[in-house]
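Structure below; questions to follow.
Start at 1 with the first residue, then count along the sequence. One-based numbering, in listed order, for ligands and for the atoms of each.
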Amino acid sequence: MPVNLRGRHLLTLKDFTPEEIQYLLNLSFDLKAKKRAGIRGNLLAGKNICLLFEKTSTRTRCAFEVAAHDEGANVTFLTNSQMGKKESVEDTAKVLGRYYDGIEFRGFKQETVDALAKYSGVSVWNGLTDLYHPTQILADFLTIMEHVNKPLNQVKLVYAGDARNNMGNSLMIGAAKLGMHFVALAPEALWPSEALVEEMKAVAAETGATIELSADISAVAGADVLYTDVWVSMGEEHLFEERINQLKAYQVNMDMVKKTENPDVIFMHCLPAFHDLETEVGQSISEKFGISEMEVTDEVFRSRYSVVFDEAENRMHTIKAVMVATIGNL
Ligand code: CP
Ligand code: NVA
């Protein structure tokens with residue numbers, strides 16, 4: 001069966017088959033090559049896209065804007081809408097659906113992006129909620145395909161950090177779908193919910209994936225990918241002290257890299273990352289808790305293992321693929 005994603009939403013990768021995810025990755029490769037060849041396209045010509053943000057962003061907003069412009073679409077960046085304050089999500093969705101061909105949402109509740117999809121009548125893409133960050137996973141897997149000399153279903157990906165956040169959840173979902181060996185490396189209190197783990201273990205039984213939860217650093221042995229994310233996600237800023245105490249033993253540093261026993265291991269991070277003191281938050285954490293790096297050391301972040309900026313670039317190519325596949329003139 002040829003894959004056809006026209007008119008679909010991207011709310012979580014749970015809704016996508018392995019073939020559909022692979023199709024989006026292949027399309028991303030093609031669109032990346034097209035951009036590298038300097039070809040401007042018209043696959044989104046005449047489309048209007050709304051970028052609705054409740055939380056801050058650099059990559060996601062810019063990736064959507066550049067991807068849209070590259071293929072001829074127009075965008076509106078909306079951060080100060082009436083939604084949730086003076087107007088319900090349902091009413092907002094019904095209005096935006098009259099103007100736009102597609103809506104990206106970044107914010108807090110998954111229920112909000114689900115409701116936008118339910119009521120707008122147009123394709124809705126999740127640009128991050130508290131629960132999931134599906135467009136990030138597409139960029140991550142494209143980056144792994146480019147840097148790890150193995151098929152994805154032979155890759156061992158260890159995610160060290162807050163494994164119950166949007167990235168921990170979404171990496172586990174993506175890995176289960178594509179048959180990878182996924183390890184959530186975290187203290188038990190920060191493991192993904194039992195319900196999601198069970199759901200993904202059932203998917204893994206179909207795809208050949210392995211889903212492992214471990215609090216023991218030795219689980220990094222044999223990793224092809226060491227992945228981490230911020231210890232405190234957007235909206236949880238009151239939790240810094242607790243998280244530093246829970247996660248300091250899980251920092252990605254050269255010692256952890258060595259423990260993989262894989263000279264070709266790659267380091268990944270969705271970014272932004274706290275690897276130095278060049279940010280206001282980094283400064284304030286350093287003053288309060290006396291640490292200058294959090295989830296990853298500056299040494300690893302800048303090392304030859306790190307592919308974080310390729311990963312960031314791939315946000316744009318993969319987001320373009322999502323828009324082209326769902327609302328494009330393919
Ligand atoms: N990785 C990511 O989503 O980055 P932004 O928060 O900058 O969009
Ligand atoms: N877990 C992070 C991801 C940022 C891209 C957050 O939600 O803040």
Item to complete: Report the part of Arg315 (side chain from C-beta onward, or backbone N, CA, C, O) that has a heavy atom under 4.0 Å from ligand 1; answer both or neither where that applies.
Response: side chain
Worksheet item: Considering only protein heavy atoms, which is closest to atom 7 (O) of ligand 2, and at what distance to one decimal place?
Response: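 Nearest neighbour among protein heavy atoms for atom 7 (O) of ligand 2, to 0.1 Å: Asn166 ND2, 2.8 Å.
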Item to complete: Of all the heavy-atom pairs spanning Tyr119 and Ala93, show the shortest one and how long it is.
Response: CB-CB, 3.7 Å
Item to complete: Taking all non-hydrogen atoms of both residues into account, name the closest pair between Arg243 and Trp231 and its distance.
Response: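 Taking Arg243 first and Trp231 second, the nearest heavy atoms are NH1-O, 3.0 Å.
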Worksheet item: At a non-hydrogen distance cut-off of under 4.0 Å, which region of Leu128 contacts ligand 1 (side chain, backbone, both, or neither)?
Response: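 Neither; nothing of Leu128 gets under 4.0 Å from ligand 1.
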Discussion item. Hydrogens and angles aside, do Asn126 and His133 bring a side-chain donor and acceptor to less than 3.5 Å of each other?
Written reply: no
Item to complete: Just jot down the ligand 1 atoms closer than 4.0 angstrom to any heavy atom of Leu271, in number order.
Response: 1 (N), 2 (C), 4 (O)
Worksheet entry | contact_flag Arg61 ligand 1 heavy-atom lt 4.0 Å | no
Worksheet item: Can a salt bridge be assigned to the pair Arg36 and Glu313 using a cut-off of 4.0 Å between side-chain N and carboxylate O?
Response: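 Between Glu313 and Arg36 there is a salt bridge, with a charged N closer than 4.0 Å to a carboxylate O.
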Discussion item. What protein heavy atom lies closest to atom 6 (O) of ligand 1? Include the residue and the distance to one decimal.
Written reply: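 The closest one turns out to be Arg106 NH1, 2.8 Å.
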Discussion item. I'd like to know if Asp264 pairs up with Lys150 as an ion pair, taking the criterion as any Lys NZ or Arg NE/NH1/NH2 lying under 4.0 Å from an Asp or Glu carboxylate oxygen.
Written reply: no
Discussion item. Suppose we measure from atom 7 (O) of ligand 1 to each protein heavy atom; which comes out shortest, and what is that distance?
Written reply: Thr58 N, 2.7 Å
Worksheet item: With a 4.0 Å cut-off on heavy atoms, does Lys55 reach ligand 1?
Response: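 In this structure, Lys55 fails to qualify as a contact of ligand 1 - no heavy atom is under 4.0 Å.
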Worksheet item: Relative to the ring of His269, is the ring of Phe301 parallel (under 30°), tilted (30 to 60°) or perpendicular (over 60°)?
Response: perpendicular
